[in-house]
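Heavy-atom basis, side chains included; hydrogens, waters and symmetry copies ignored. Below, chains carry the letters A, B, ... as their sequence lines are ordered, and counting in each starts from 1.
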Amino acid sequence: MTDLIDRQKLSYIAAQAADARLNVELETEGMTLNIGPQHPATHGTLRIIVRLDGEQVIWADPSAGYMHRGYEKLTEVRTFPQVTTLVNRIDWLGSFANEVPFILAAEKLMGVEAPPRAQWIRTILFELSRIANVSLFLGDLGVQLGAITPVFMAFRDREYVLNLIEGATGGRFHPNFDRIGGLKDDLPAGWIAETRQVMKKLRNFCDEIEDLLFGNAIFQTRTRGIGVIPAPVALQYGLSGANLRASGVDWDLRRDQVLPLAYDKIDFKVWTHPDGDSFARCWLRLQETREATHIVDKLLDGLPAGPVMAKVPRIIRVPEGEAYVSTENPLGEMGYYVVSKGDMSPFRVKIRTASFNNISIVPWVLRGVFVPDVITILASLYFILGDIDK
Amino acid sequence: MSVMFAVDLPYWAQSLLRVLGGTVAVLLPAGTIVYVFLFKMMSFMQSRLGPMEAGPYGSMQLFAEVGKWLQKEDIQPEKADARIFKMAPLIVLVSTFLLVAVVPFGPDAYFTDFEAGIFYALAVSSISVLGILIAGWSSANKYSLLGGLRAAGQLIAYELPMVLAVLGVVIQAGTLNMQGIVFKQNADSMFGWNGLGNPYVLTQFVGFVVFMISIQAELTQAPFDMPIAESELVSGYMTEYSGFRFLIFFIAEFATVGVFSLIASVLFLGGWGIPFSWFGWDSINAVDDWMNVVGPLIMITKMLALSFIIMWVRFSYPRLREDQLQRFAWKVLIPVSLANIMVTAILKVAL
Amino acid sequence: MVPLSDTQTATDQTPALPGDAKRERVVQQLRDALGDGLIDSLIKPGDDMWVRVRTDSWRAAGMALRDIVGCDHFSFLSAIDWMPSPFGRGEDDPTAPTPERDMTIRPGYTGGDTRMQVFARVSSTTAHFGVTIKADVPDDAPVIDSWLTVYAGANWHEREAHEMFGIGFEGHPDLRNMYLPTEFEGYPLRKDFPLLARIVKPWPGIVDVELLPGAGDSAEDGDTAQAEGDTAGSAE
């Protein structure tokens, strides 16, 4: 404990020294500004302490943890099926996607493989949660930059996707639908036709947003060249998902690893962008949303028939072992390192969330940018507080 | 307003009518703009209905909002500079009332008739800058301070293009008097054809565009709303204001939109007039008396048209960053308006 | 017993299993780089791989992974406390005496000699594989080298591991709390730190359950867990 306090003292002294240096060199006082925890721009309670020189950021430090719920400890007292309920709530906008890596890890440890129909439906719901998540991002992007109109279109079109998810799973936001060995239920009648309709609507929405927001000259001026993250830095910090691909790294966990999901059975395009600036990240997510609608269509075309649940015992005891499964979630790479000792509960679950790494780069990327650009960069990095804070 | 009625009104009655008229002239556009554009038009553009509960189709929503703001607690930050904090919204509102004093609504329907009307208007419109600045400073809040500083830079920067755009109009009209400018637009002819009069929106098109952009910035509307910047500064210089004081800021914002639209319609759209050639009038005094009633209605129509444009742009565009804003003003708008003045002057002498 | 490492040889009758050349080369590269710093490894062919290194080779192993093996993408860094929880699953009846529990420390894949281990995951975006690397943390003085100079992203992960497990990271300049308030005492993810929610309010499954009329047997742990399992929906 004492060396914790020593370290705190040291960092406090270092901050004071930095301030003193600032005062001597520039003869002005840097202004310390708290962005958050209550702030319209942060998607939840994230606090970023910035030190400003006029409107330029000299030093930034995100302070997460306002929403820490202790998930890794909580999983140790839950049975394996109960963990899906917990884990829905990490990235609450695309919540089905949170369940999938955990269930896959448990299935890997048990040696159980879900039947093909379950795998395909899992993938469809996964992509639907991606669309729901990222369409909100696209709308919210406008609000962060000052365009208040696109967000209403985003929410309107997102309602269709949420209705679909509710129709299949019973829950709009927290489906809790994935089970070890398959899914809770099969799809309802008429769902497939409805989904095709909704995918068309979503594609229209993507085109609308592209016209309204991305084609706008002011949007381009506000996002091009802002917050450039070069590929080596992105890799070092462990950025993932659209953030990494926007820096030019061609790494997509759907294509680049073999999982019992239906991705290897269909063709889809993995988008990258060489620039690594905010525009690239936003543009990439738009393209990925469109691509996700195409993926859903192809998956619906090839959906096999059959059962949706494999034979698993009533009380699930996962054999001893360790497994790490990560998937390409809407926010990035989300993975679960599950350690099991043969009990009904996991021994240790390490939840690797995408936003934790995505936000760890904030001190690096925010140096020297203006205050409005802070908002732009945060918006383009796209995080969910539940994902950072677990 | 002196010959509005055949009766000779005593001075105090005339002053009272002027005060009432001024209040109506400021608050009526504000209320209309808030309801029609902010509540309804913005909602329809965002595919939703807007307020529908208060009154038929939500028409009483503004009164409900006013009542709500009036009954809110008047909070003042502890460290705020109390006197200045209280003064700031009033200063912004005062500048709007002062502005409307020179706007002519009809051949005899005006509050005052300055010889240098437009000069006075431009000067007085800068008073609101002071109000915004001291609101930002006295709030004892870093966000408000940032908003106030941004406002200072922006509003002063965009004063210049505004003035220069107006200068083109003044050169063409040959007078600073607002009534004179209206007369010139309606009585003159464009390149020899007097079917439409000489509305400066056509002949001073560049000046019109520059003026509208500058108004957008002067009103801190998107894409120039850095001082407010809702997603960053929560409300900029207005963050710490609540209750009645916020209501004053709110009304002042939309009233100023209306008043600036009135001024723009006087300068560019021909004010209260319809082209005089349609009626055979050749001087201000020859204009019929019924124009004193129809004039204000025409003014309101033109004001609504221009406010529509201002609000439409506000709801559609993201906001420019402060330095991009400044760059746009100093490097694009000012040279363009200077070029406009040169061309106008040359053509005025040549033609 | 779970096979913990692949140093156990198969019998002579076993046909030659298809090896995982990619991952075996990685193990060989690490062995060349670290010498005997590499204690153990486990490869699941075609699937995943685990590697355990000596505590003092932790940073060297990171650099070898980054530079020689080519794992450019840093995924996460955390720790595991291998001691079984003295509180079980938090379902103890607070009025009954604490049941006996087996407290032997049994580590997982690639073994381990200490109670706590630090583990990290890195992947290669070009060769499409990932490595989980573990290292023991000495029980008496839980300190290990920081990976800050190896992967910049380890900064936040080490802060989190420090506050949750109490593991010190040598060379990390700013080891303050990530999630917890600064004044928080204790290391929550250690197994001897109880789940406070279950201390404050005991697990209702034991305390509040009311017997059905006519049901003679008391509701024991397994049954109620089965009921839980039912409602959580392991449908078939």
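Using a 4.5 Å cut-off between heavy atoms, C:F119 touches chain A through its side chain atoms alone. The part of C:T132 that comes within reach of chain A is its side chain, from C-beta onward, which places non-hydrogen atoms under 4.5 angstrom from that chain. Neither the backbone nor the side chain of C:N155 comes within contact range of chain A, judged by heavy atoms closer than 4.5 Å. When heavy atoms are compared at a cutoff of 4.5 Å, A:P232 does not approach chain C at all. Within the 4.5 angstrom heavy-atom criterion, only side-chain atoms of C:W50, from C-beta onward, approach chain A. Contact of A:D61 with chain C is made through the side chain alone, with heavy-atom distances under 4.5 Å. Contacts between C:E163 and chain A at a heavy-atom distance below 4.5 Å are absent for every atom of the residue. For C:D81, the part lying under 4.5 angstrom from a heavy atom of chain A is the backbone only. Using a 4.5 Å cut-off between heavy atoms, C:V150 touches chain A through its backbone atoms (N, CA, C, O) alone.
Between atom CE of residue C:M178 and atom CG of residue A:D389 there is a gap of 8.0 Å, rounded to the nearest 0.5 Å. Atom CZ in C:F74 sits 12.0 Å away from atom CG in A:L239 (nearest 0.5 Å). Atom CG in A:L235 sits 5.0 Å away from atom OG1 in C:T125 (nearest 0.5 Å).
Of all the listed residues (C:Y179, C:F193, C:F87), the one sharing the greatest number of non-hydrogen pairs under 4.5 Å with chain A is C:Y179. Comparing A:M67, A:K390, A:R78 by heavy-atom pairs within less than 4.5 Å of chain C, the highest count is held by A:K390.
Side-chain atoms of A:K341 and C:R106, non-hydrogen and from C-beta on, do get closer than 4.5 Å to each other. Contact annotation: the side chain of C:F129 never approaches that of A:Q257 to less than 4.5 Å [non-hydrogen atoms, C-beta and beyond].
Annotation for C:I80 and A:R348: closest pair CA-NE, 4.1 Å, computed over non-hydrogen atoms. Across A:F347 and C:K191, no two heavy atoms sit closer than the pair O-NZ, 2.7 Å. Listed here is the closest heavy atom pair of A:K73 and C:L195: CG-CD1, 3.5 Å. The shortest heavy-atom contact between C:Y151 and A:Q236 is CA-OE1, 3.7 Å.
Salt bridge C:K44/A:E322: absent, no basic N to carboxylate O contact under 4.0 Å.
Checking each of A:F356, A:Y324, A:Y237 against C:F76 for a ring-ring contact (aromatic ring centres under 6.0 Å, His included) leaves exactly one that passes, namely A:Y324.
A donor-acceptor pair shorter than 3.5 Å cannot be found between the side chains of A:R352 and C:S78. With 3.5 Å as the limit, one finds a donor-acceptor pair spanning the side chains of A:E333 and C:S75.
A:E76 places no side-chain N or O within 3.5 Å of a backbone atom of C:L189 that could act as its donor or acceptor partner. Side-chain atoms of C:H73 never come within 3.5 Å of backbone atoms of A:W251 as a donor-acceptor pair (strictly under, hydrogens ignored).
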